[in-house]
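One structure is given here, and the rest of the page talks about it.
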Amino acid sequence: MAQARTDIGPPLYKDMLPPVIKENYGKWRYHEILKPGVLVHVSESGAKLYTVRAGSPRLISIYFIREICDLADKYCDGYLRFTSRHNIEFLLTDESKIDALIEDLKAMGIPVGGTGNSITNIVHTQGWVHCHTPATDASGIVKAVMDELFEYFTTMKLPAKMRIALACCLNMCGAVHCSDIAILGIHRTVPRIDHENLHKLCEIPTLTASCPTAAIRPNPKLKSIDIKAERCMYCGNCYTMCPSVHIIDAKNDAVSIWVGGKISNSRIGPRFSRLAIPFLPNNPPRWPEVVDAVKKLVELWAANAQPGERMAEWIERISWEKFFELSGLPFTDKHIDDFTLAQTTFRSTTQFKW
Ligand code: SF4
Ligand code: SF4
C-alpha cells in the first residue's frame, strides 16, 4: 500500500539511509572507537560502517552546508548526518578514505572528535534567536564555552565522557535535567501583567491553567489576572500562553549551573542534575563568568575522578558535601529542594550532613 504523503514533518528517515545501513538494519553487532572522532560499526554479516565525527559551530550558513555536502559527495557517496548535538557525521564504507577526509576537514578549520572520553558538542535550546521565553542565549553561550573546552573535543584524555547541555529557560527543551554539567537560564522575577491589553490578547482560563503552581487567579474586576508572588517559580509558562504577562527581565535574568546528571545505567543508575551555582550574570557576548565556572568544574572533575567515573559517580563517591568543599562553591538556601515547603522551612532533607 502506498504510504500517505503529507507536507508536515521531515521525510521518512529510512529513505535516506546509506545502502550499508539499509542492508544491515537491526544487525549491527558492536562498534569501536578507532581514534578520536572515528568509529567503526560491524554487522553480523561482517559489513563495516565508518563514521567520522566533526564538530559544527551550530549556527551555520548555506555556504558551509554546501561545503560539507561536497565532502560527503567526495568521500561518502553523498551520505552524512547531523547528530542532536550538532556534530556532523560522515558515513563511509571505504576505510582508506578516512585520513584524506580528516585532512580536508582540518583544512576547513573543522575539528574531528567528540567520541569516547571527550566533551562532545553541547546540546542546546533555541535562545534569543528563536524562542520567546529565554532567560539567556543558547548558541552564543555554548560557542563561548566550547571555544574554551575545545581541546577536550579533539582528545579522549578525560576520566570518562562528559555531556554538557544548555537550556535557556527552566522549561528546558534541552537535556539539562540529566547532563554531567548543565547551563540553565533562569528568570528571577514575577511576571509583570499588562492589565490593559490582557483581555484583548489572552484566554484567561487557559492562562490560569498554564501555571504549574496555581499562582494565577482570575481578576474579574479588571478582566485580567493576579499572580500570587510567593507561589511563582518564574517558569514563564504563563508568558508562553499570553504575551501580556511579561517574564523577560534584562536586569535580573541570569544563568545557573547544575551538575551530576546522567541518563546511562552504567555504574550507577540515571540521575537528575543538581544545582551547583544558583546565579551567574548574563554577560554577553562571551559570558566570561559562565565559561570560567564550567571550565573549573570540568578540570576539578578531571583531576579527581577515577578512570571511568562520570561527574555524578565521582560526586556520589566523595559526597556532595565534599564536592562543595573542593569546588569552593558556597552552599546556600537556594540549593535546598523544598519548593513546596519553602514557606515553613529551609530544610526538608535529612540527607545533608552539615
Ligand atoms: Fe524556549 Fe525555554 Fe526551550 Fe529556551 S529552553 S528554547 S526559552 S522553551
Ligand atoms: Fe505561574 Fe510560572 Fe507564570 Fe509564575 S511564571 S505565574 S509559576 S506560570
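Here the structure is a predicted model, which means the values were calculated and not measured. Counting convention: from 1, in listed order, for ligands and their atoms alike.
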Query - Where ligand 1 meets Pro134 - atom numbers and elements under 4.0 angstrom, heavy-atom basis - result: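 The atoms of ligand 1 under 4.0 Å from a heavy atom of Pro134 are 7 (S).
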Query raised in the report: Any idea which atoms of ligand 1 are less than 4.0 Å away from a heavy-atom of Thr133?
Result: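 Heavy-atom distances to Thr133 below 4.0 Å select 1 (Fe), 2 (Fe), 7 (S).
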Requested in this report: Run the numbers for me: atoms of ligand 2, each under 4.0 Å from some heavy atom of Thr213, listed by number.
Outcome: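 Listed by number with element, the hits are 7 (S).
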Query - Under 4.0 Å to a heavy atom of Ile216 - the qualifying atoms of ligand 2, by number - result: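 Per the distance check, 6 (S).
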Query - Pairing residues for Ser45 by the side chain to side chain donor-acceptor pair (under 3.5 Å) criterion, not counting sequence neighbours - result: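 With neighbours one apart ignored, the set is Asn24, Ser43.
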Identify, for [atom], the protein heavy atom at the shortest distance, and state residue, atom and that distance.
atom	result
atom 7 (S) of ligand 2	Met233 N, 3.4 Å
atom 3 (Fe) of ligand 2	Cys238 SG, 2.3 Å
atom 2 (Fe) of ligand 2	Cys235 SG, 2.3 Å
atom 1 (Fe) of ligand 2	Cys211 SG, 2.3 Å
atom 4 (Fe) of ligand 2	Cys232 SG, 2.3 Å

Query raised in the report: Is it true that the SG atoms of Cys242 and Cys202 are less than 2.5 Å apart?
Result: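 Yes - the two cysteines, Cys242 and Cys202, have SG atoms within less than 2.5 Å of each other.
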Query raised in the report: What do you reckon, are the aromatic ring centroids of Phe324 and His335 less than 6.0 Å apart?
Result: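 Yes, the ring of Phe324 comes within the 6.0 Å limit of the ring of His335, centre to centre.
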Query raised in the report: Once the angle between the rings of Trp128 and Trp287 is folded into 0 to 90°, is it parallel (under 30°), tilted (30 to 60°) or perpendicular (over 60°)?
Result: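 Taking Trp287 first and then Trp128, their aromatic rings sit tilted (interplane angle of 30° to 60°).
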Requested in this report: Check step by step if salt bridge (charged side-chain N to carboxylate O under 4.0 Å, His left out) holds for Arg163 and Asp180.
Outcome: CA-CA 5 Å; Arg163 295 285 182 260; Asp180 295 287; over 6 Å; no
**Report entry** Candidate with minimal heavy-atom separation from atom 5 (S) of ligand 2, of Pro212, Gly236, Ala214, Cys242
**Finding:**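 Among Pro212, Gly236, Ala214, Cys242, the closest heavy atom to atom 5 (S) of ligand 2 belongs to Gly236.
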Query raised in the report: Quick check: does Cys131 have an N/O/S atom under 2.8 Å of atom 1 (Fe) of ligand 1?
Result: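 Yes - counting backbone and side chain alike, Cys131 has an N, O or S atom under 2.8 Å.
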Query raised in the report: Above 12 or not: heavy atoms from other molecules or residues under 6.0 Å from NZ of Lys106?
Result: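 Incorrect, the count does not exceed 12.
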Query - Proximity to ligand 2 by part of Tyr234, non-hydrogen separation under 4.0 Å - result: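 Tyr234 to ligand 2: backbone contact only, side chain stays beyond 4.0 Å.
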Query raised in the report: Any idea which part of Val245 is under 4.0 Å from ligand 2, heavy-atom wise: side chain, backbone, both or neither?
Result: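 Contact part for Val245 vs ligand 2: neither.
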Query raised in the report: Are Lys143 and Asp147 close enough, and set up right, to give a salt bridge (charged side-chain N to carboxylate O under 4.0 Å, His left out), and what steps lead you there?
Result: CA-CA 6 Å; Lys143 175 82 171 78; Asp147 281 352; 2.8 Å; yes
**Report entry** N/O/S atom of Cys168 inside 2.8 Å of atom 4 (Fe) of ligand 1, strictly under
**Finding:**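 Yes, Cys168 qualifies, because one of its backbone or side-chain N, O or S atoms lies under 2.8 Å.
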Query raised in the report: Just how far is it from atom CD1 of Ile88 to atom SG of Cys69, taken to the nearest 0.5 Å?
Result: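 Atom-to-atom, Ile88:CD1 and Cys69:SG are 9.5 Å apart.
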Query raised in the report: Who pairs with Glu316 by salt bridge (charged side-chain N to carboxylate O under 4.0 Å, His left out), at least two apart in sequence or on another chain?
Result: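 Only Arg271 meet the salt bridge (charged side-chain N to carboxylate O under 4.0 Å, His left out) criterion with Glu316.
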